[in-house]
*Asks:* 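I'd like to ask some things about the structure below.
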Amino acid sequence: MTEHPIEQKRILATSVPGPKSAELAARKAAAVSAGVGTGLPAYITRGEGGILVDVDGNQLIDFGSGIAVTTVGNGNSKVVDAVSRQIADFTHTCFMVTPYEQYIAVAEKLNALTPGDFDKRTALFNSGAEAVENAVKVARHHTGRQAVVAFDHAYHGRTNLTMGLTAKNMPYKHRFGPFAGEIYRVPMAYPYRWPTGPKNCGDEAFEEFVSLVHAQVGEENCAAVIIEPIQGEGGFIVPAPGFLKQVQEYCTEHGILLIADEVQTGFARTGDWFACDHEGVTPDLITTAKGIAGGMPLAAVTGRAEVMDSVHVSGLGGTYGGNPVACAAALAAIEWMEEIDACARAREIEQIFVPRLSNLADEYGVIGDIRGRGAMLAVELVSDLEAKTPAAELTAAINKYCHSQGLVTLTCGTFGNVFRFLPPLSAPDDLLREGLDILEAAFAEHAR
Ligand SMILES: *Cc1c(COP(=O)(O)O)cnc(C)c1O
């Protein structure tokens, strides 16, 4: 499938992190704000496919893709070539000053790939949070309404407005308030933890949503409902089937815009181009970032032409938004995804992971739920399968074990008890299996 300049094999040359990383960690402590944390402080010098090489010569297996960003893999030759050529040509003019074709080409691609066969327009930004902020700006401007409805367990970013939209206090919001106004929160259709069980979850969550919007916001005051079609940081929560569609129909009925935040789920990650595709949902606005450009900072808002075009000229923009190098990376990354059929590859990865995760569930009795789609998968760990008591300490211990063995893993979840898997789609099967072997050893060590 892909040629690999770095051998796709784990190598433990020292402890992880090793002595050179420890030196850099000491420099970090003296130079970098303590507010910026590092999950696995092994300092990276190179990466390719599913391997990250650190300063001590360790080759780590990457199950995180830098949080769902390097979906095409680090060192993807298509992206490297496109970026190198673009850097040599020019690096920046500011699209708002003197424009360039690459920005338009990315917009055309997004308009074509995102769900919905209606006329669309796109605007480009730098980060997921910036895209979400702009989607809300557009929704308010177009509707002339102010209220925005967000969900329990939501994560939408770390700027003031997006912190307000984000559900979890620690670490994202704690002592960073006050937050922007006119944000309302409703329950998420979270099947595993729905009080009356997963079967009724979708319908009951929808009823609560309708009732809360009516009673606390007023439909005619509501500009937008924003939802991650599979929640990311909140715990890889897949909403009950049909819930998204019900929300979409409700929004349409009341002139409310539906914003799908696909910053983490987008670009083949879930086995479809976008997670909304799986449920046949066509949001009015969709935000993308992370997996879009092989690691270059780029984000987008794509939406119905009449909505996106309702904003006055120069109402949207930013100095770096749609930087030409990032656009070149995005075009190359998307081309690679089309060429290898990245959606099918993500579904293959699901087939490799899920049976192994099911075995772990059978063997240890600490996995309450296995969920996700494609190459966006998670297990929720509990200390008691009946009471569903979140096992955050166990999750942290297993994570730490994986790190020490050279497997880059990530946790998430409102209760800190979800293990999530986001491998690059370019990682070969054998490497993925080797990573799963380490995960199994971690359970054997800590979950007995
Ligand atoms: C990561 C993320 C964001 C924020 O993106 P940044 O690029 O970190 O600003 C927003 N929404 C979702 C769903 C995310 O996963």
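Ligands are counted one by one from 1 in listed order, and the atoms in each one are counted from 1 as well.
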*Asks:* For residues E130 and T159, is any side-chain donor paired with an opposing acceptor at under 3.5 Å?
*Replies:*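 The answer is no; no qualifying pair exists.
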*Asks:* Pull out every atom of ligand 1 sitting under 4.0 Å from any heavy atom of A129, numbered as shown with elements.
*Replies:*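 Contacts of ligand 1 toward A129, numbered from 1: 4 (C), 5 (O), 6 (P), 9 (O).
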*Asks:* How far is atom 11 (N) of ligand 1 from its nearest protein heavy atom, and which residue and atom name does that atom have?
*Replies:*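 Of the protein heavy atoms, D261 OD2, 2.7 Å lies nearest.
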*Asks:* Which ligand 1 atoms does E228 reach within 4.0 Å, using its non-hydrogen atoms?
*Replies:*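 Listed by number with element, the hits are 13 (C).
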*Asks:* Would you mind telling me if ligand 1 is within reach of the side chain of A289, the backbone, both or neither, using heavy atoms under 4.0 Å?
*Replies:*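 Neither part.
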*Asks:* Tell me which one of V69, V132, V263, T166 gets a heavy atom nearest to atom 3 (C) of ligand 1.
*Replies:*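 Among V69, V132, V263, T166, the closest heavy atom to atom 3 (C) of ligand 1 belongs to V263.
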*Asks:* Quick check: K290 and ligand 1, any N/O pair under 3.5 Å apart?
*Replies:*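 It does: an N or O of K290 is found under 3.5 Å from an N or O of ligand 1.
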*Asks:* Output every pair passing ring-ring contact (aromatic ring centres under 6.0 Å, His included) with a member in residues 267-322, not counting sequence neighbours, ordered by first then second residue.
*Replies:*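 Output for this query lists H92-Y320, H141-H312, F267-F274.
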*Asks:* Output side-chain donor-acceptor pairs under 3.5 Å for residues 292-307, partner residues at least two apart or in another chain, one line each.
*Replies:*
unit_1, atom_1, unit_2, atom_2, d
T302, OG1, T122, OG1, 2.8
R304, NE, D284, OD1, 2.7

*Asks:* Between the side chains of E262 and T265, is a donor N or O closer than 3.5 angstrom to an acceptor N or O?
*Replies:*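 Yes, T265 and E262 have a side-chain donor paired with an acceptor closer than 3.5 Å.
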*Asks:* So is Q264 polar-close to ligand 1, meaning N/O to N/O under 3.5 Å?
*Replies:*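 Yes, there is a polar N/O contact under 3.5 Å.
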*Asks:* Just need the protein heavy atom nearest to atom 7 (O) of ligand 1, so name the residue and atom and give the distance.
*Replies:*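 Answer for atom 7 (O) of ligand 1: G128 N, 2.8 Å.
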*Asks:* Would you say the side-chain atoms of Q102 and Q86 include a donor-acceptor pair closer than 3.5 Å?
*Replies:*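 Per modelled atom types, Q102 and Q86 side chains form a pair under 3.5 Å.
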*Asks:* Angle class for the F63/F353 ring planes (parallel below 30°, perpendicular above 60°, tilted otherwise)?
*Replies:*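 Answer is tilted, since the angle falls between 30° and 60°.
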*Asks:* Are the charged groups of K168 and E233 less than 4.0 angstrom apart, N to O?
*Replies:*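 Looking at E233 together with K168, the answer is no, because their closest N to O distance does not fall below 4.0 Å.
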*Asks:* Taking a cutoff of less than 4.0 Å between a non-hydrogen atom of the residue and any ligand atom, is G232 in contact with ligand 1?
*Replies:*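 G232: no contact with ligand 1 (<4.0 Å).
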